[in-house]
Structure formats: structure tokens, C-alpha cells
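Atoms considered below: every heavy atom in the structure, side chains included; atoms not considered: hydrogens, waters and symmetry mates. Order of the sequence lines sets the chain letters (A, B, ...), proteins ahead of strands, with each chain counted from 1.
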Amino acid sequence: MPSDGRDGGDGVEPRLPEWGHERLAEIDRLREDGVEPYARSFRGRTPLGEIARTYAGLETDQKAEDSHCCRVAGRVMSRREHGKAAFLTLRDGWDDLQVYAKIDTLGEVSFGRFKSLNVGDIIGCEGHVFRTRRGELTVFVESWTILTKSLRPLPEKWHGLHDRETRYRQRYVDLIANPEVARQLQGRGRLVSGMRRYLEDLGFVEVETPILQPLPGGALARPFMTHHNALDTELYMRIAPELYLKRLLVGGFDRIFEIGKSFRNEGISLIHNPEFTMMELYWAYVDYNAIMELVENMIPALSEEVTGSTEIMVGETKIDLKPPWPRRTVDSLLREYLDLSLEGMRADQQQAKQVLRERKVDVENRDTFAMLVDKALKHVVWPALVQPTFAIDYPLELSPLSKSRADDSLLVERFQAIIAGREMGNAFSELNDPMDQRRRFEEQARNREAGDEEAHVVDEDFLRALEYGMPPAGGLGIGIDRLAMLLLGVDSIRDVILFPQLRPEH
RNA sequence: GCGCCCGUAGCUUAGCUGGUAGAGCAGGGGACUCUUAAUCCCAAGGUCGAAGGUUCGAAUCCUUCCGGGCGCACCA
């Protein structure tokens with residue numbers, strides 16, 4: 001395509017449809033008049049929200065006495081022109097404020113430019129605050145300047161942007177068009193910073209461990225693989241930080257936590273994104289009972305911080321997060337909801353499969369005892385647990401990294417926190433017996449050879465660390481995205497992730 | 001991965017059992033000095049997700065592909 005002279009002769013011209021050329025022409029026009037359409041700064045501005053708060057008491061038709069030097073800046077969200085006067089609605093962040101300009105004050109040139117602004121442009125204004133006859137708090141513009149010219153039209157002001165694909169792909173537009181999305185995502189931020197503060201107040205220290213790992217471990221999941229050129233070695237994106245955090249327990253840290261991304265190469269759904277944020281913590285010299293107390297106190301405190309209440313609504317149901325939460329053994333839950341016992345399931349898997357099939361749970365002939373228990377919990381027991389509940393004492397086969405119970409070597413000291421039928425945390429007394437850990441790894445290795453791609457791999461360096469001696473400890477993992485969904489009352493994980501994973505655009 | 005649904009202008013959309021696309025907002029021109037979905041007048045804007053097929057004729061029917069949404073499965 002030949003240039004039509006609007007690109008300044010350097011051949012740089014955004015590929016824009018017809019409506020874009022008008023705006024490029026306007027940019028040239030501004031530059032010819034010595035006005036830079038992409039400014040460097042606009043100092044000394046007052047945020048629009050602050051103006052609204054400061055002058056909330058200002059009466060209709062009244063002019064603020066003290067605001068001669070008021071400077072405001074923001075994106076033009078809408079325009080209402082009146083010939084020799086014009087109103088614009090400005091937005092900075094997620095606060096709106098109206099500004100008003102007329103030709104008498106600005107003069108013909110400046111007012112002409114003011115009228116030629118587009119929705120989407122970013123401007124700075126200086127003037128005084130007043131309240132219009134209709135009662136709207138407004139800045140009367142005495143002078144103004146363009147800060148950034150927008151080349152693309154914003155979504156429609158009344159219907160907004162609904163197309164989910166565009167919303168996720170161009171989140172920057174979504175955030176402008178749907179301010180409630182921004183509020184929600186800010187809620188997630190408050191959750192994370194609240195959790196940090198809560199744990200630091202308890203004496204936990206935040207650490208960062210490798211995301212690129214030579215062996216993926218700490219969870220049962222399929223990893224992403226990558227390659228380091230200089231080292232010429234395969235690396236995996238971590239599926240959990242667990243094994244590195246425990247190495248730190250060996251090294252002497254006694255209360256640590258990490259908040260960061262983990263990656264699992266699995267399906268995408270309403271509750272799964274390939275990269276997700278986990279908080280894991282490890283606390284030396286305590287067992288899973290202390291972790292339960294921490295969880296049942298921390299979650300309501302965070303809810304209070306994010307939503308202002310320790311009660312949340314999930315659909316029509318009110319959920320009370322206040323402690324204490326009941327502790328229920330997996331065995332008692334299976335007995336209550338399926339009339340099955342762990343012992344019975346282990347002894348007669350055919351009968352267990354029969355019972356599960358009657359409950360419309362999809363079981364396969366090759367399902368092991370551990371898989372059957374897992375399915376029974378996920379599909380039958382969890383949906384029945386609405387109020388916060390700790391499910392405790394899992395069969396050993398499900399948990400290759402947790403410590404077994406002193407009174408029953410087939411059970412491990414592990415719990416999951418269940419709220420509104422969803423898993424909101426997974427914790428256990430950490431296995432610190434290196435010989436036992438080696439046996440568990442070897443068992444997993446056999447599963448792996450039998451075709452279970454998610455079985456844990458043997459991590460010799462981790463075993464070496466345990467051989468130096470890891471203090472007894474409790475550990476916890478919480479999926480931040482899912483906790484944010486619960487507290488913010490959203491159904492899709494994409495609504496708590498700024499840039500959810502989508503197929504690449506063409 | 002499998003099943004169901006969707007894709008029309010920058011955005012929100014109309015378009016019936018096939019007759020070759022219509023609007024609102026945004027953008028352009030004009031009128032209007034307290035409006036707020038401002039109003040009024042004028043003009044412009046579409047390879048109807050893509051490619052094949054059926055047909056005299058396809059946005060519409062069929063097939064495949066691309067992208068998305070929602071269920072199911074795996075996982076947190």
C-alpha cells in the first residue's frame with residue numbers, strides 16, 4: 001500500500017481501518033500547530049476521586065473558593081457538545097469526573113481543539129471546581145492540554161464490551177469498558193497482599209524458589225518442558241514449589257512461605273488455567289493440627305479484608321467462615337455419604353466401584369484404590385460439604401509426601417479444607433523420614449512405569465536433603481485463584497486472572 | 001481430548017422457511033454557551049470468521065477448517 005503522506009514519510013503507519021485515518025490526520029494537524037499529541041508528563045494533578053471527596057459538600061451552582069490551581073487528568077469517556085461550550089466526562093483509574101469548557105475562557109483555537117477531541121483521548125486540565133445546575137461536580141476548564149491521542153475507538157458507551165474473547169484478549173479494553181472487572185481484580189490483589197501481611201505477622205518469611213526445575217515435583221501433574229541453551233539441558237516449569245521449600249526447612253528456615261506461579265500442562269476450564277498462583281507455607285516443629293488452626297483463622301480474616309465480612313454468599317447459600325471448622329476423617333465422610341469405609345474399599349474394590357457407579361460416578365476397571373477414594377471424595381462427598389470443613393486422614397496411597405499416622409500406618413496426616421464443595425487448601429504433616437520417602441518415591445516410580453504420567457518422579461537431591469535431617473513440620477498449599485473466586489463470588493477463573501490463557505490469535 | 005452452542009461495521013446488534021445487508025453508539029461534516037445514553041440535520045462505513053459444496057441465486061442450507069463460550073473428562 002502506498003503511503004498517502006500521513007505517516008510523516010518514515011513509512012510507519014498503524015494498520016487501521018477507515019476511521020483511523022481521521023485520527024492520524026488530526027495528529028499531523030496538531031504537530032503542524034506545534035502541539036505534541038503524546039506528552040511527556042502532567043505534574044501536580046489531583047486524582048479525580050480525591051476531587052470528588054474533597055468537594056462532596058459543594059452546593060449546586062457554587063464555585064469552590066480554594067481550587068484555582070486544580071489540575072486533573074484522565075481519559076475522555078464521553079462528550080456533550082453545545083456549540084460554544086462542551087462537557088466531557090474524564091476518567092482516571094476508575095473514577096469519573098465531568099469537565100466543562102467554553103469558548104469565552106479558552107479562546108477560539110484552544111476551544112476548537114477541545115471540541116475535536118475523541119472519546120479515548122487522554123487530556124490534562126487546569127481550572128476550578130464547581131457544581132452545575134443539574135448538581136454534577138465539574139471542573140471548569142481554564143486551560144488544558146492533550147496528553148495522549150487515541151487511534152482506536154472505544155467500545156460503545158451504553159452497551160459496553162461483552163464479547164468474552166475480546167475481553168480476555170484485550171483486557172486493557174475490558175478494564176476501560178467494564179470498571180467492575182477492575183474492581184474484582186483489585187480484590188484479588190487485596191487478597192494476596194492481605195495474605196502476605198497475615199503470614200508475616202505470624203513470623204513467616206517469604207522466599208522464592210526455582211520455577212525452572214530439572215525435575216518436576218511436589219504434586220501429581222503433567223509439567224511443561226523447556227530447554228536451556230547454554231546448559232544444554234531439559235528443564236521443567238514447576239508444578240509446585242514444595243520440594244524446594246522443604247529443602248529450606250533442612251537448611252534452617254522454620255517458618256517460610258512462597259506466593260507464586262506454578263504450571264500444569266493440563267486442560268483449561270472454568271476452574272483451571274495452565275499457570276496459576278499458589279501459596280505454600282512450611283512451619284517447622286508443628287503438625288497438621290497447627291496448620292488447620294492457621295487456615296480456619298486466616299481465611300475468615302482475609303474474607304473480612306477483601307469483602308468486609310466473614311460470611312460469603314455462594315449462589316443462594318450463606319457460608320459462615322468463622323472458626324472453628326469441623327474436622328471429619330475421610331473414613332467417616334465415606335461412611336456417612338457412601339456407606340463405605342476405607343478399610344472396606346481397600347479390601348473389596350469391586351464392591352466400591354459398584355457403589356460409585358450407582359452414584360453415577362464414572363469409574364474405570366483399571367482404577368486403583370487410591371483413585372476410587374479420590375473420585376468418591378470429589379464427586380460425592382465434596383458437593384455435600386457446603387460449610388467449611390476439614391477432611392482429614394487420607395489413605396497413604398494418595399499422598400506420597402505426607403507423614404503417616406502413628407496409630408495407623410495406612411493413613412497419613414493430611415487434610416483438605418472444603419468450602420462450598422470446593423477444595424480450598426491441601427496440607428499435611430510433612431514426611432521427614434528419608435527411608436520412608438524413598439519407598440514412596442519407588443512406589444510412584446512403579447506407577448509411572450505402569451503408565452501413570454502424573455506419578456511422582458524420584459528426586460535424589462531431595463532425598464539427600466532429607467538424609468541430613470528435616471525437622472518435623474506442617475505444610476500447606478492454597479490455590480490463590482480459587483480462593484479469590486470464592487471470596488469475590490465469581491464462577492470463572494478467567495475473571496480473577498488479568499490475562500487468562502487463550503489460543504494464540506492467528 | 002469428546003459433546004452442544006455461537007461468530008454480521010471499531011462496539012452493541014436486526015436480518016423469518018434461500019432473492020445478494022438494516023440500525024444505534026463511536027468516527028466525519030454542520031447547528032446549538034449548564035449537558036450527562038445531550039439533542040437536531042447530512043454523508044460515510046460490511047470480502048456477513050475462512051475455504052469448499054448445493055442452487056439460476058447463499059449471511060441464511062451442507063461439509064471441513066479457524067476462533068470463542070458452555071458442559072464432560074484430567075487436574076488445583
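Residue A:R134 has no polar side-chain atom (N or O) positioned under 4.0 Å from OP1 or OP2 of B:C34. Phosphate contact (OP1/OP2 of B:A26, side-chain N/O of A:K157, threshold under 4.0 Å): present. Checking the phosphate oxygens (OP1, OP2) of B:G28, a side-chain nitrogen or oxygen of A:N118 falls inside 4.0 Å. Contact check, A:R152 against B:G27: no side-chain N or O comes under 4.0 Å of OP1 or OP2.
The base of B:U36 lies outside donor-acceptor range of the side chain of A:S78, with no N or O pair under 3.5 Å. For A:D104 against B:U33, a side-chain N or O and a base N or O form a donor-acceptor pair under 3.5 Å. With hydrogens and angles left out, the side chain of A:E136 and the base of B:U35 share no donor-acceptor pair within 3.5 Å.
A:D174 places its CG atom 16 Å from the C1' atom of B:G10, with the value rounded to the nearest Å.
Residues A:T132 and A:T138 have side chains that never bring a donor and an acceptor to within less than 3.5 angstrom of each other.
Considering only the side chain of A:H379, B:C74 comes nearest among B:G28, B:C70, B:C74. Listed nucleotides B:G68, B:C11, B:U33 differ in distance to A:R169; the shortest reach to its side chain belongs to B:G68.
Annotation: A:E180, atom CD; neighbour count of heavy atoms from other residues, nucleotides and ligands within 6.0 Å is above 12.
Using a 4.0 Å heavy-atom distance criterion, A:R422 is classed as making no nucleic acid contact.
A:Y288 has its ring centre no less than 6.0 Å from the ring centre of A:F428.
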